[in-house]
Amino acid sequence: MAQKKLKWYKLFENWEEAKKQVPLNSLKKVRIGSKTICLAHTKEGFFVVDNECTHMRASLTAGRLNDFNEVICPWHDYRFCLKTGEEKSGKNARPLLTHKLEKTTDGIKLGVYEDEKPSEKDEFSY
């Protein structure tokens, strides 16, 4: 099996800038080429997931965070774990893709797998 390759994008100069642009308990939409991601800042840190709900593709940055480190879709209240992307509301949607965020010598960078594609709708979604 071929190893997935990460492509890195600089988002912030440092953690202070990241915290200023994405305050605690907030979500921010970030566009990387044709891909849109959801950057979340919770008490457990920063997390990055795809911005589209896997149910009906609603923008998760229009949603909200809860105390369980989950992002909640604004349309149908699907809940997704920010650490794993797993759908936690029991409604059987596919998980979100998660992405890497790392501090480097140049600043805070986002790692996106180049060959990842959005999940297809599952048989139970409409």
Side-chain angles (χ1 to χ4, degrees):
M1 180 184 277
Q3 199 171 30
K4 294 179 181 178
K5 185 177 179 184
L6 280 174
K7 187 164 185 179
W8 293 94
Y9 301 89
K10 184 175 179 179
L11 295 182
F12 307 106
E13 292 295 326
N14 51 48
W15 286 120
E16 291 73 30
E17 180 186 348
K19 290 174 186 176
K20 187 176 182 180
Q21 289 193 35
V22 188
L24 185 62
N25 297 318
S26 69
L27 301 163
K28 180 177 177 105
K29 185 185 331 185
V30 178
R31 181 170 291 283
I32 302 294
S34 63
K35 188 172 193 66
T36 305
I37 58 150
C38 174
L39 179 58
H41 184 188
T42 74
K43 63 184 176 189
E44 293 186 36
F46 285 89
F47 298 91
V48 187
V49 295
D50 276 358
N51 189 45
E52 289 184 345
C53 177
T54 57
H55 174 234
M56 291 186 70
R57 304 206 182 277
S59 174
L60 294 174
T61 53
R64 64 193 185 284
L65 296 168
N66 67 15
D67 291 335
F68 303 106
N69 228 36
E70 298 169 342
V71 61
I72 303 169
C73 178
W75 287 358
H76 301 109
D77 293 327
Y78 280 73
R79 297 186 340 260
F80 296 91
C81 176
L82 290 167
K83 291 179 183 177
T84 66
E86 181 182 3
E87 194 272 315
K88 303 298 270 183
S89 58
K91 297 179 182 180
N92 202 31
R94 292 185 189 264
L96 296 172
L97 292 177
T98 60
H99 305 285
K100 298 185 181 298
L101 197 63
E102 291 185 2
K103 180 181 179 183
T104 68
T105 55
D106 299 0
I108 309 304
K109 291 191 174 181
L110 166 69
V112 176
Y113 289 106
E114 292 182 324
D115 58 349
E116 295 275 50
K117 294 185 174 94
S119 300
E120 298 295 322
K121 285 182 14 177
D122 63 320
E123 62 185 281
F124 302 103
S125 293
Y126 52 89

Residue pair [X] / [Y]: nearest heavy atoms and the distance that separates them:
| X | Y | answer |
| --- | --- | --- |
| His99 | Leu110 | CB-CD1, 3.8 Å |
| Thr54 | Ala93 | OG1-CB, 3.5 Å |
| Thr61 | Cys38 | CG2-SG, 3.7 Å |
| Phe47 | Lys83 | CE2-CG, 3.5 Å |
| Ala62 | Pro74 | O-CB, 3.6 Å |

In terms of relative ring orientation, are Tyr78 and Phe80 parallel, tilted or perpendicular, with 30° and 60° separating the classes?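 Ring orientation of Tyr78 relative to Phe80: parallel.
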Using modelled atom types only, decide if a donor and an acceptor are shared between the side chain of [X] and the backbone of [Y] within a distance under 3.5 Å.
| X | Y | value |
| --- | --- | --- |
| Glu13 | Glu17 | no |
| Asn51 | Ser59 | no |
| Asn69 | Thr42 | no |
| Glu87 | Asn92 | yes |
| Asp50 | Glu52 | no |

Can you tell me how far the [atom1] atom of [X] sits from the [atom2] atom of [Y], to the nearest 0.5 Å?
| X | Y | atom1 | atom2 | value |
| --- | --- | --- | --- | --- |
| Ile37 | Leu101 | CD1 | CG | 8.0 Å |
| Leu65 | Asn25 | CG | CG | 6.5 Å |
| Cys73 | Met56 | SG | CE | 9.5 Å |

Kindly work out whether a path of hydrophobic side-chain contacts (I/L/V/M/F/W/Y, heavy atoms less than 4.5 Å apart) joins Leu97 to Ile72.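 Unlinked, Leu97 and Ile72 end up in two clusters.
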Flag yes if Phe46 and Phe68 sit in one hydrophobic cluster, no otherwise; membership is Ile, Leu, Val, Met, Phe, Trp, Tyr, and two members link when side-chain heavy atoms are under 4.5 Å apart.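 Different clusters: Phe46 never reaches Phe68 through Ile, Leu, Val, Met, Phe, Trp or Tyr contacts under 4.5 Å.
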Partner residues of Trp8 under the side-chain contact (heavy atoms from CB on, under 4.5 Å) criterion, sequence neighbours left out: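 Trp8 satisfies side-chain contact (heavy atoms from CB on, under 4.5 Å) with Leu6, Lys100, Glu102, Lys109 once adjacent residues are dropped.
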Which pairs, with at least one residue in residues 23-32 and sequence neighbours excluded, count as a salt bridge (charged side-chain N to carboxylate O under 4.0 Å, His left out)?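 Every candidate salt bridge (charged side-chain N to carboxylate O under 4.0 Å, His left out) pair involving residues 23-32 fails, so no pair, neighbours aside, qualifies.
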Check whether more than 12 heavy atoms from other residues, nucleotides or ligands sit under 6.0 Å from atom CG of Asp67, and answer yes or no.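 No, the 6.0 Å shell around CG holds no more than 12 heavy atoms from other groups.
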